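No experiment lies behind these values; they were computed from the predicted model shown. Convention: sequence-line order gives letters A, B, ...; per-chain numbering from 1. What you see below is based on every heavy atom in this structure, not just the backbone, and it leaves out hydrogens, waters and symmetry mates.
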Number of protein chains: 2
Amino acid sequence: MATKTLAREAVTLPVNQILAGDCIEVMNGLPEASIDLIFADPPYNLQLRGDLHRPDNSKVDAVNDHWDQFASFAAYDRFTRDWLAAARRLLKPNGAIWVIGSYHNIFRVGAALQDQGFWLLNDVVWRKSNPMPNFKGKRLTNAHETLIWASKDEASKYTFNYEALKALNEGIQMRSDWVLPICTGHERIKDAAGDKAHPTQKPESLLHRVILATTNPGDVVLDPFFGTGTTGAVAKMLGRDFIGIEREEAYRAVATERMERVRRYDASALEVTGSKRAEPRVPFGQVVERGMLRPGEELFSIGNRHKAKVRADGTLIGNDVKGSIHQVGAHLEGAPSCNGWTYWHFKRDGKLISIDILRQQIRAEMDDARPH
Amino acid sequence: MATKTLAREAVTLPVNQILAGDCIEVMNGLPEASIDLIFADPPYNLQLRGDLHRPDNSKVDAVNDHWDQFASFAAYDRFTRDWLAAARRLLKPNGAIWVIGSYHNIFRVGAALQDQGFWLLNDVVWRKSNPMPNFKGKRLTNAHETLIWASKDEASKYTFNYEALKALNEGIQMRSDWVLPICTGHERIKDAAGDKAHPTQKPESLLHRVILATTNPGDVVLDPFFGTGTTGAVAKMLGRDFIGIEREEAYRAVATERMERVRRYDASALEVTGSKRAEPRVPFGQVVERGMLRPGEELFSIGNRHKAKVRADGTLIGNDVKGSIHQVGAHLEGAPSCNGWTYWHFKRDGKLISIDILRQQIRAEMDDARPH
DNA sequence: TGAACACCTGAATCCCTCC
DNA sequence: GGGAGGGATTCAGGTGTTC
């Protein structure tokens, strides 16, 4: 069986497997702080109290409907708290969780997440392009489901591939409402009798966006309510490791077969648009050190309304203000901050050229020097 | 002052007024089971930290008002439970409530609604066509807010004008996700200094849909967080009675002046389609909902030989014939069919302008709002 | 009189590394 | 852990001015 050895504790994590059993018990048996991302599609059928992990021990024949409701909500809340606590223990400090639900359960899940110290990052609306209509005409067509994205806590440096998602969306930053069709056709897994193998199979497109957005290749994605394994299938395609937990033998069988069928995409296909923040930092002083700009040379602001003089230590002096390219720019503009690299320009043959060109040259040389 | 005498108890309800004070205390002073619909836009408990600047260094005008500050989730939950209990007491047995919120608070509100015995009917997503972007590229654009629609209890025979909403949506069943622009431009009320009078004024189009869908003319609509009075303004336009409760003197002053300005629509415009309609394509109802054309406004045929009046649900009435823009046009022309979009014109500054212009505007917005 | 352009703003839990 | 500092980061739509 595949496993992953965790550095410090010399414990192993069973990856790319489907673990059998109750998700809370199984999660409690895994090493803490070992998971990068959890995707959870928990049950929300409040009527089936007995199916929940810890059924309410009070007798169900309550005085009236209200008490019955309270009892079932309380049981559902206990179940939610328990599996969320187990999930939170497994997350790395910078880990995150997604939970999907409908109005029947998502409000309770969201409140429980907040109560346990998770930090909500976004709620995302999956807008179904082909929902089931409301046949009786008594309500609005229930055309969406809600996903909550939360980091382990407020301080977590969660993963978000902003540029990749922006690229997915034709250059516009991705919004919190996602239009995706429900899972039908060939993607919908059927059992031997030709019936759908699982009542709520999620579309791969949804998991694709989730996993692409909030994990990196090689990360471990855990799904405690694995079902037919959409999370695992997409994780594998995208070069992530997965751990599935599923109680029902029938679903495990379907998922196991599905995992074997799935092919991982080419590594080159898994590369996504990166962020500039990840680029190596170049001190402006290097530009002077290398003689790309000389001490005493004048720089001009982006609108050519201000100028400053380069000093030997890589600082600027302009208008009696000394400091970094950023500080002097910010001061001259009266702005809280300024990116000096894009703000300042030098003159060559009468034309203004951004100093960022020089940074790019230095970065290119750094790349050449790095062993491949 | 306007009042409404309630049949059985011979108590009076102060309608079409803005009541001053804490909403819980004021609600507790009103007669129980007297309200048809409550629309509530409670504080969101945003928990904002430091300042936020746009990439152009301008500062975002944050919602940091004292009324949005709560010490903890527990404090917010207490507040929520208390105002919901007071609200529930006021509702008629078949009454209903709408609450709007964001991911900061809506999960707690939804859970509290369920805990108190309200019966959730739908969660509705207001997809903003022009949301504020995420400036730092750290999350998804927060492009929606969530509304919860709930009846007083499971047995309530709540009001839902299914056919009216379907007509508003040009023959297609209304879904749980609504694309509407945020409140800007002339609709956004400014104070004497030219600043926005309220940080979170809601668009009239949103209230138009809510009130049209879930009340009948003559119903009483209560808004316990009245603000600048969008709920009251739309209720009055649509021939409903309103009760506003607002603690802040400054907001009351703005709302009072606004209520006086608002005109009730023509009675004939308020009648709502009771019959099914043919299947058109683009919702003319949105033109009305967004205020591009007002209920009661007259449209003129292409040769200016016929005219018709716009109704609140996006249908027309002309020459005793009611129906879609296409149906009424066809009838007046004695033709088997008619493209209402090119047939009808509205008058601005004495000139006739095709309503197709308005459709083009909406299409552009919808295209832009659609994530890919 | 338009077209083009500049400017402003919206319920926002909005950076990250190094010292 | 707090503070300092480099430097990365935005979309739609309305209003008003210029050409």
Cationic tip of R247(B) above W67(B) ring, under 6.0 Å, 45° of axis:
no

Within the 4.0 Å heavy-atom criterion, would you say [X] contacts the bases, only the backbone, or no part of the nucleic acid?
X	value
E279(A)	nothing
D61(B)	sugar-phosphate
E154(A)	nothing
T200(B)	base
N142(B)	sugar-phosphate
I172(A)	sugar-phosphate
D41(B)	base
L121(A)	nothing
G50(B)	base
Y162(A)	sugar-phosphate
K136(B)	base
P42(B)	base
C183(B)	nothing

Could you tell me how far apart [X] ([atom1]) and [N] ([atom2]) are, to the nearest whole angstrom?
X	N	atom1	atom2	result
K190(B)	dG10(C)	NZ	P	8 Å
L52(B)	dG10(C)	CG	C1'	12 Å
K166(A)	dA8(D)	NZ	P	14 Å
F135(B)	dA11(C)	CZ	P	11 Å
N105(B)	dA12(C)	CG	P	13 Å
F107(B)	dT13(C)	CZ	C1'	13 Å
M174(A)	dT10(D)	CE	C1'	16 Å
D56(B)	dC7(C)	CG	C1'	10 Å

Does the structure show a Watson-Crick or G-U wobble partner for [N], both distances under 3.5 Å? Name it, or say none.
N	answer
dA4(D)	dT17(C)
dG2(C)	dC19(D)
dA12(C)	none
dT10(D)	none

Between E154(A) and R49(B), does any NZ, NE, NH1 or NH2 come within less than 4.0 Å of an OD or OE carboxylate oxygen?
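So R49(B) pairs with E154(A) through a salt bridge.
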
Taking 4.0 angstrom as the limit, do R252(B) and E246(B) come out as a salt bridge?
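Salt bridge between R252(B) and E246(B), a charged N being under 4.0 Å from a carboxylate O: no.
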
Residue-phosphate contact under 4.0 Å: [X] side-chain N/O, [N] OP1/OP2:
X	N	answer
H53(B)	dT10(D)	no
R49(B)	dC15(C)	no
K157(A)	dT17(C)	no
T184(B)	dG13(D)	no
N339(A)	dA8(D)	yes
N130(B)	dG14(D)	no
R188(B)	dA11(C)	yes
H326(A)	dG6(D)	no
Y343(A)	dG6(D)	no

Have a look at W98(B) and tell me which of W149(B), F225(B), W126(B) forms a ring-ring contact (aromatic ring centres under 6.0 Å, His included) with it.
W149(B)

Strictly by modelled atom types, are [X] and [Y] linked by a side-chain donor-acceptor pair under 3.5 Å?
X	Y	result
H144(A)	D177(A)	no
R258(B)	T230(B)	yes
T315(A)	R311(A)	yes
S156(A)	D153(A)	yes

Distance-only donor-acceptor test, [X] side-chain atoms vs [N] base atoms, 3.5 Å:
X	N	result
K196(B)	dA11(C)	no
R54(B)	dG10(C)	yes
S337(A)	dA8(D)	yes
R139(B)	dT13(C)	yes

Side chain Y76(B), main chain P43(B), donor-acceptor under 3.5 Å:
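It does hold such a pair.
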
Say you pick atom [atom1] in [N] and the same atom in [M]; how far apart are they, in whole Å?
N	M	atom1	result
dG6(D)	dA12(C)	C1'	24 Å
dA4(D)	dT13(C)	C1'	24 Å
dT9(C)	dA8(D)	P	27 Å
dC14(C)	dG5(D)	P	23 Å
dT9(D)	dA11(C)	P	25 Å

Is dT13(C) in the syn range, within 90° of 0, or in the anti range?
syn

So which nucleotide from dT13(C), dT15(D), dA11(C) ends up closest to the side chain of Q47(B)?
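Closest nucleotide among those given: dT13(C).
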
S129(B) side-chain proximity, nearest of dA8(D), dG13(D), dA12(C):
dG13(D)

Of I182(B) and K138(B), the one whose closest nucleotide on DNA chain C sits nearer the 5' end is I182(B)

Of I100(B), I148(B), L147(B), which meets side-chain contact (heavy atoms from CB on, under 4.5 Å) against I106(B)?
I148(B)

